[in-house]
**Student:** 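What follows is a single structure, and I will ask about it in a moment.
Ligands are counted one by one from 1 in listed order, and the atoms in each one are counted from 1 as well.
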Amino acid sequence: MQFETVIHDGTVVTPSETFKADIGINGGVIAAVAERIAGGERRIDAGGRLVMPGGIEGHCHIAQESSSGVMTADDYYSGSVSAAFGGNSTFIPFAAQHRGQSIADVIATYDGRAAPNSVLDYSYHLIISDPSPAVLEELPGVFARGITSFKVFMTYDLMNIGDAGMLDILTIAKTHGALTMVHAENNEMVKWMNRRFAAAGLTEPKYHALSRPELAEEEAIHRAVSLAKLVDAALFIVHVSTRGGADIVRREKLAGTKLFAETCPQYLALTRDDLDRPGMEGAKYICSPPLRDHATQEGLWQHIRAGTFESVSSDHAPYRADATGKFMNGADAPYPKIANGMPGIAMRLPYLFSEGVAKGKITLGDFVRLSSTNAARVFGLDRKGAIVPGFDADIAIWNPEEKRTVTLEAQHDNMDYSPFEGIEITGWPELVMNHGRVVVEKGELKAGRGEGRFIARKPVDTGAMPGHRAVEFEVAARYGQEIAP
Ligand SMILES: [Zn+2]
């Protein structure tokens with residue numbers, strides 16, 4: 001058999017095994033994995049390197065306006081380039097509905113932003129902020145297009161859809177095999193805290209972290225899970241930032257709930273003390289849920305090791321530290337008027353590798369699961385996330401020994417700061433391939449604008465999770481009334 005590309009002499013890592021093998025690629029697809037593969041129009045030497053499934057970034061904000069109208073600094077070009085330099089082959093940003101907007105309009109808008117620009121394969125999670133009857137009617141069509149995950153918010157006045165709205169979304173998602181993702185924070189607790197701080201004149205960035213208590217996340221995670229259980233729908237909790245929240249996820253998974261979750265590097269690398277930097281420096285570290293403390297970091301690592309989280313995602317939300325981003329309401333705006341979010345799409349995997357694998361907190365198999373394989377399964381990318389014949393040739397070749405100090409330039413994004421700057425890293429992705437195309441090689445971009453493809457995704461795979469049967473629906477059925485969703 002002849003191959004267009006052969007990757008040879010590398011150490012292939014899968015969730016379960018690490019072994020020496022060559023990989024033959026044809027037509028963008030892995031055609032063979034074998035001990036020795038001769039030939040190949042192009043031969044890529046992976047001697048001394050790790051050959052892993054390319055990362056799948058499942059949580060990032062690209063070319064997206066916040067509900068208050070600020071555009072992210074990264075578009076689909078710079079966002080996908082930055083993702084690729086960070087070891088990713090595929091990403092799934094959000095397509096965000098603003099209130100009153102039709103879903104058809106949302107999708108057309110994001111298609112226009114992504115298709116001409118992305119260097120990587122992509123899909124979207126649909127953000128729903130206004131679940132009106134007309135919008136709910138549009139959702140099956142979105143699902144049919146292969147957009148099989150819907151994200152909702154329990155916080156922010158302009159995004160929060162309320163418990164009943166969430167039950168409607170969960171029910172439709174369940175009917176179609178779609179996945180509901182949720183930002184879980186108790187909106188009223190946050191607003192009440194904000195009023196207390198405002199009344200006391202406490203508006204510096206550091207009060208942002210205190211205004212969104214751990215309890216606000218824990219309460220909302222518990223409520224979100226309860227809503228999902230009522231209708232036995234699959235649920236994904238994004239950016240879990242507390243030990244208590246992770247404990248709830250763990251307990252519910254043990255009980256068989258159809259539940260998935262992620263955490264993010266910023267909750268492992270940074271703390272609320274970073275918001276207390278001099279002047280307005282702290283604004284760079286404002287994100288929601290907020291940064292916590294060192295005990296939380298340890299707790300989250302324990303949960304990563306124990307398998308509580310499917311993935312570690314970046315939640316890349318790039319707002320520059322200038323009037324186009326963080327300071328759109330002035331250079332000394334009070335914290336509620338500073339844009340929320342921080343960049344990190346290029347640092348997610350190097351940080352996870354360095355802190356996790358190189359420091360012995362997780363195995364190489366864990367790294368592959370957390371960076372790629374689980375996201376493929378949960379988000380319905382059925383030809384990605386594994387090095388197996390028939391799968392897309394989405395591959396990242398890592399030098400596990402390379403040491404670097406993180407710089408802003410190495411991010412390749414459109415940002416003017418990196419919250420990870422100065423951190424020492426061991427392990428770096430040297431070559432990233434997407435669908436057989438080399439995208440990044442030895443620090444150089446090799447792919448062109450618009451070469452990435454939209455990938456239609458499959459229904460969420462809840463595997464053998466038993467789920468939850470609400471007794472009330474069963475009793476109603478005994479009364480002869482079938483009202484279960
Ligand atoms: Zn986010």
Side-chain angles (χ1 to χ4, degrees), residues 55-76 79-80 82-83 86 88 91-98 106 110 113 122-129 147 149-156 158-161 179-185 187 190 208-209 212 216-217 220-221 224 235-242 245 260-270 284-292 300 309-320 325-326 338-348 351 375 378-379 413 415 419-420:
I56 297 172
E57 171 61 80
H59 186 156
C60 52
H61 302 272
I62 306 292
Q64 183 190 331
E65 300 99 344
S66 72
S67 55
S68 49
V70 199
M71 190 63 154
T72 57
D74 282 310
D75 59 15
Y76 270 80
S80 62
S82 183
N88 297 287
F91 68 156
I92 314 175
F94 295 96
Q97 181 209 21
H98 294 293
V106 176
Y110 280 86
R113 292 171 182 176
Y122 63 92
S123 177
Y124 321 113
H125 309 291
L126 178 69
I127 288 178
I128 303 167
S129 62
I147 297 169
S149 44
F150 309 147
K151 183 183 175 193
V152 297
F153 288 77
M154 299 172 84
T155 188
Y156 303 130
L158 290 171
M159 302 300 286
N160 171 22
I161 65 165
L179 177 63
T180 303
M181 305 165 76
V182 65
H183 177 141
E185 283 185 291
N187 197 40
V190 171
H208 168 83
R212 310 184 82 93
E217 175 173 284
I221 288 178
L235 183 68
F236 189 109
I237 314 280
V238 300
H239 50 47
V240 175
S241 70
T242 58
F260 307 99
E262 68 180 12
T263 188
C264 312
Q266 49 272 37
Y267 302 116
L268 304 170
L270 305 166
K284 295 177 178 175
Y285 300 87
I286 286 183
C287 61
S288 298
L291 304 175
R292 310 290 182 182
L300 292 176
F309 300 115
E310 272 62 37
S311 47
V312 173
S313 305
S314 74
D315 195 5
H316 182 72
Y319 299 109
R320 292 169 66 98
K326 289 281 178 190
I338 296 173
N340 267 246
M342 60 175 78
I345 200 165
M347 283 317 304
R348 169 181 84 111
Y351 185 81
V378 174
F379 297 129
D413 57 11
M415 286 298 294
F420 299 94

**Student:** Give the name of the N/O/S atom in His61 that lies closest to the Zn ion (ligand 1).
**Tutor:**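 Sorting the N, O and S atoms of His61 by distance to the Zn ion (ligand 1) puts NE2 first.
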
**Student:** Taking side chain to side chain donor-acceptor pair (under 3.5 Å) as the test, write out the residues that go with Tyr122, two or more places apart.
**Tutor:**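 Not a single residue meets the side chain to side chain donor-acceptor pair (under 3.5 Å) criterion with Tyr122.
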
**Student:** Examine the side chains of His59 and Glu262 and answer whether a donor and an acceptor come within less than 3.5 Å of each other.
**Tutor:**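 The criterion, which ignores hydrogens and geometry beyond distance, is satisfied for Glu262 and His59.
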
**Student:** May I have the step-by-step check of side chain to side chain contact (heavy atoms under 4.5 Å, CB included) for His125 and Phe379, ending in yes or no?
**Tutor:** CA-CA 9 Å; His125 309 291; Phe379 297 129; 3.6 Å; yes

**Student:** Quick one: report the N, O or S atom of Asp315 that is nearest to the Zn ion (ligand 1).
**Tutor:** OD1

**Student:** Give a yes/no answer: is there an N/O/S atom of His183 under 2.8 Å from the Zn ion (ligand 1)?
**Tutor:**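 Within the cut-off used here (under 2.8 Å), His183 places no N, O or S atom near the Zn ion (ligand 1).
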
**Student:** Should the pair Phe94 and His61 be assigned to parallel (<30°), tilted (30 to 60°) or perpendicular (>60°) ring geometry?
**Tutor:** parallel

